[in-house]
Amino acid sequence: MSQPIRVLQWGLGAMGSGMARLMLEKSGLKIVAAVDGRPDFRGKDLGEVLGLGKNLGIVVTDRPETILEKEIIDLVTLATTSWTRELMPDLQKILGAGINCVTIAEEMADPEVQNPMLAEEIDMLAKKNGVSVLGTGVNPGFVLDLLIITLTGCCHRVERVKASRVNDLSPYGPTVMKSQGVGTTPEAFRAGVADGSIVGHVGFPESIHMISEALGLGVDRIEQKREPIISTVYRETPHVKVEPTMVAGCAHTGIGYCGEKEVIRLVHPQQVLPNLENQDTGDYIHIYGIPEVHMEIKPEIAGGKATQALAVNMIPHVVAATPGLKRMIDLPVPAALMGESAYSRRI
Ligand code: NAD
């Protein structure tokens, strides 16, 4: 193998720090810089921020403009926000400097759906600077889109697709509890959905658009529903207490229609401690066509670990890609980066 791919890790929260730790294990990748806006990280060695017990000789900065040089950085892994609009100023700096980017921002999985003008701007900026940018993660980016699309590869035809991801929110912190409405009353939940403070899952329009486009299902309308999951038992995590009759999570459904016909239904009920009400977790995909395909993964693919892996495993594909804005359906299949041959096969 030639030189390792030089990476800047931007965002050192739960996901970004996991991505950094994973990259340190990979011989074909080399972390050369780290960025985070947190004042308590600024000026510290990355090894200290990651809790490695040793220094790596990389100082975390909150001023990316001082280090964004394509002579020293090949790619940025960006793990800061969910929203394309919020990401724009940072993306402009990265792509404008002629550096590739992998982001886990949910809307970036297929930004054309909700932000067509921004998607065009990102694509043009990437092409002008000869680099590529990809949005990925466990979901959107894998379970409820790419995995479904891949399974249809063995079908003669597909009439419709139904898939669900049932998971446990207990490992997550206060931000997720709030955005899912956990611990509120059903009335407060409905008010939160109405004013946009309770969003449930971010990514259904992106996943539905990718599936429809890959298969040619002709989705022309997407509907979303968010319902409270009301607990009948007491549930408690380090960050939230849920009394019986209160909300334990959000059952979020996204439906894609072609005319009046439902062709894609994605269901994502997310709640804390579903086991307390005998609810198993898992990923389930049902493809109705010829032949029918039914897949069940129990328990569900671990979201945090999978998001970190997808972002890291896609790095060589993004470096090798033609310039522009890419989605998971535009690049070769993801695979775990194990031996050195994995890099040379991709680049
Ligand atoms: P987090 O809150 O733990 O960490 C975010 C980090 O980014 C923080 O350390 C914060 O200081 C830093 N940050 C934010 N804006 C910044 C900026 N402009 N410049 C520098 N630093 C900045 O969040 P997380 O759990 O690591 O997740 C990150 C994002 O990824 C979230 O929006 C989350 O929803 C998304 N996500 C997507 C998927 C997927 O499947 N696509 C999966 C998991 C998480």
Side-chain angles (χ1 to χ4, degrees), residues 102 104 106 109-110 112-113 134-167 201 203-223 252-269 280-303 305-318 320-322 326-339 341-342 345-346:
V102 173
I104 59 166
E106 286 91 335
D110 193 346
E112 195 196 322
V113 195
L134 169 75
T136 190
V138 69
N139 188 34
F142 192 70
V143 174
L144 291 182
D145 39 59
L146 188 70
L147 194 54
I148 297 173
I149 293 163
T150 308
L151 283 175
T152 69
C154 64
C155 295
H156 290 211
R157 52 190 302 191
V158 173
E159 294 296 333
R160 67 186 170 92
V161 167
K162 184 179 170 196
S164 58
R165 177 163 167 80
V166 183
N167 66 331
H201 171 60
F204 276 145
E206 290 75 13
S207 291
I208 290 171
H209 189 248
M210 269 193 283
I211 298 168
S212 175
E213 202 171 283
L215 273 65
L217 288 177
V219 168
D220 51 22
R221 182 164 54 94
I222 295 172
E223 271 179 15
H252 194 162
T253 304
I255 307 169
Y257 295 91
C258 173
E260 288 311 302
K261 187 179 174 218
E262 175 185 317
V263 287
I264 301 170
R265 176 176 287 251
L266 304 180
V267 187
H268 198 6
D280 284 348
T281 61
D283 295 315
Y284 311 91
I285 296 176
H286 302 282
I287 295 160
Y288 299 95
I290 302 175
E292 284 199 1
V293 179
H294 301 281
M295 191 211 70
E296 183 175 290
I297 299 173
K298 289 177 80 172
E300 83 281 21
I301 293 175
K305 286 233 169 350
T307 295
Q308 294 155 12
L310 281 152
V312 171
N313 290 332
M314 289 306 289
I315 290 174
H317 285 325
V318 173
T322 54
K326 307 290 175 187
R327 301 162 298 173
M328 289 300 276
I329 55 172
D330 302 320
L331 294 179
V333 291
L337 281 175
M338 298 303 292
S341 60
R345 199 182 65 76
R346 290 175 213 201

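Here, residue 1 is the first one in the sequence, and each next residue gets the next number. Remember, predicted model here, so these are calculated numbers, not experimental data.
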Student: Okay, side chain of Ser212, backbone of His209: is any donor-acceptor separation there less than 3.5 Å?
Tutor: no

Student: With side chains defined as the heavy atoms from C-beta onward, is the minimum distance between Leu147 and Ile285 less than 4.5 Å?
Tutor: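 Answer yes - side chains close enough.
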
Student: Taking all non-hydrogen atoms of both residues into account, name the closest pair between Gly137 and Leu310 and its distance.
Tutor: O-CD1, 3.3 Å

Student: Minimum heavy-atom separation for Val219 and Ile264, please, with both atom names.
Tutor: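 Heavy atoms only, the tightest pair is CG2-CD1, 3.9 Å.
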
Student: State, to 0.1 Å, how close Val158 and Leu217 come at their nearest heavy-atom pair, and which atoms those are.
Tutor: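 Minimum heavy-atom contact is O-CD2, 3.9 Å.
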
Student: Side chains of Leu266 and Ser207: closer than 4.5 Å at any heavy-atom pair?
Tutor: yes

Student: Please examine the side chains of Ile149 and Met328, heavy atoms only from C-beta on, and report whether any two atoms are closer than 4.5 Å.
Tutor: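 When only atoms from C-beta onward are counted, Ile149 and Met328 do not touch, as no gap falls below 4.5 Å.
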
Student: To the nearest 0.5 Å, what is the distance between CD1 on Ile329 and OG1 on Thr150?
Tutor: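 OG1 of Thr150 is found 10.5 Å from CD1 of Ile329.
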
Student: Where the side chain of Asp283 meets the backbone of Arg165, is there a donor-acceptor pair that is under 3.5 Å apart?
Tutor: no

Student: Counting neighbours of NZ on Lys261 that are heavy atoms of other residues, nucleotides or ligands and sit closer than 6.0 Å, is the number greater than 12?
Tutor: yes

Student: What is the minimum heavy-atom distance between Thr136 and Gly141, and which atoms define it?
Tutor: OG1-O, 4.2 Å

Student: Looking at Gly259 and Asp220, what are the two nearest heavy atoms and their distance?
Tutor: N-OD2, 3.0 Å

Student: Please round to the nearest 0.5 Å and tell me the distance separating atom CZ of Arg160 and atom CG of Leu215.
Tutor: 14.0 Å

Student: State the CG-CG distance between Leu337 and Asn313, to the nearest 0.5 angstrom.
Tutor: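 Leu337 atom CG to Asn313 atom CG measures 4.5 Å (nearest 0.5 Å).
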
Student: Rounded to the nearest 0.5 Å, how far does OG1 of Thr322 lie from CG of Leu331?
Tutor: 8.0 Å

Student: Quick one: does any side-chain atom of Asp145 pair with a main-chain N or O of Ile211 as donor and acceptor, under 3.5 Å?
Tutor: no

Student: Tell me, do Tyr284 and Val267 make a side-chain contact under 4.5 Å, heavy atoms counted?
Tutor: no

Student: Check this for me: does any side-chain nitrogen of one of Arg327 and Glu206 sit under 4.0 Å from a carboxylate oxygen of the other?
Tutor: no

Student: State, to 0.1 Å, how close Cys154 and Val293 come at their nearest heavy-atom pair, and which atoms those are.
Tutor: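 Residues Cys154 and Val293, closest heavy atoms: SG-CG2, 4.0 Å.
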
Student: Output the distance between atom NE2 (His286) and atom CZ (Arg265), rounded to the nearest 0.5 Å.
Tutor: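 His286 NE2 to Arg265 CZ: 12.5 Å, rounded to 0.5 Å.
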
Student: Take Leu144 and Phe204, measure what side chain to side chain contact (heavy atoms under 4.5 Å, CB included) needs, and give me the verdict at the end.
Tutor: CA-CA 8 Å; Leu144 291 182; Phe204 276 145; 4.0 Å; yes

Student: Using ring centroids (six-membered ring only for Trp), state whether Tyr288 and His294 fall under 6.0 Å.
Tutor: yes

Student: So, His201 side chain and His268 main chain: donor-acceptor pair closer than 3.5 Å or not?
Tutor: no

Student: To the closest 0.5 Å, what do you measure between NZ (Lys326) and CE (Met314)?
Tutor: 11.0 Å

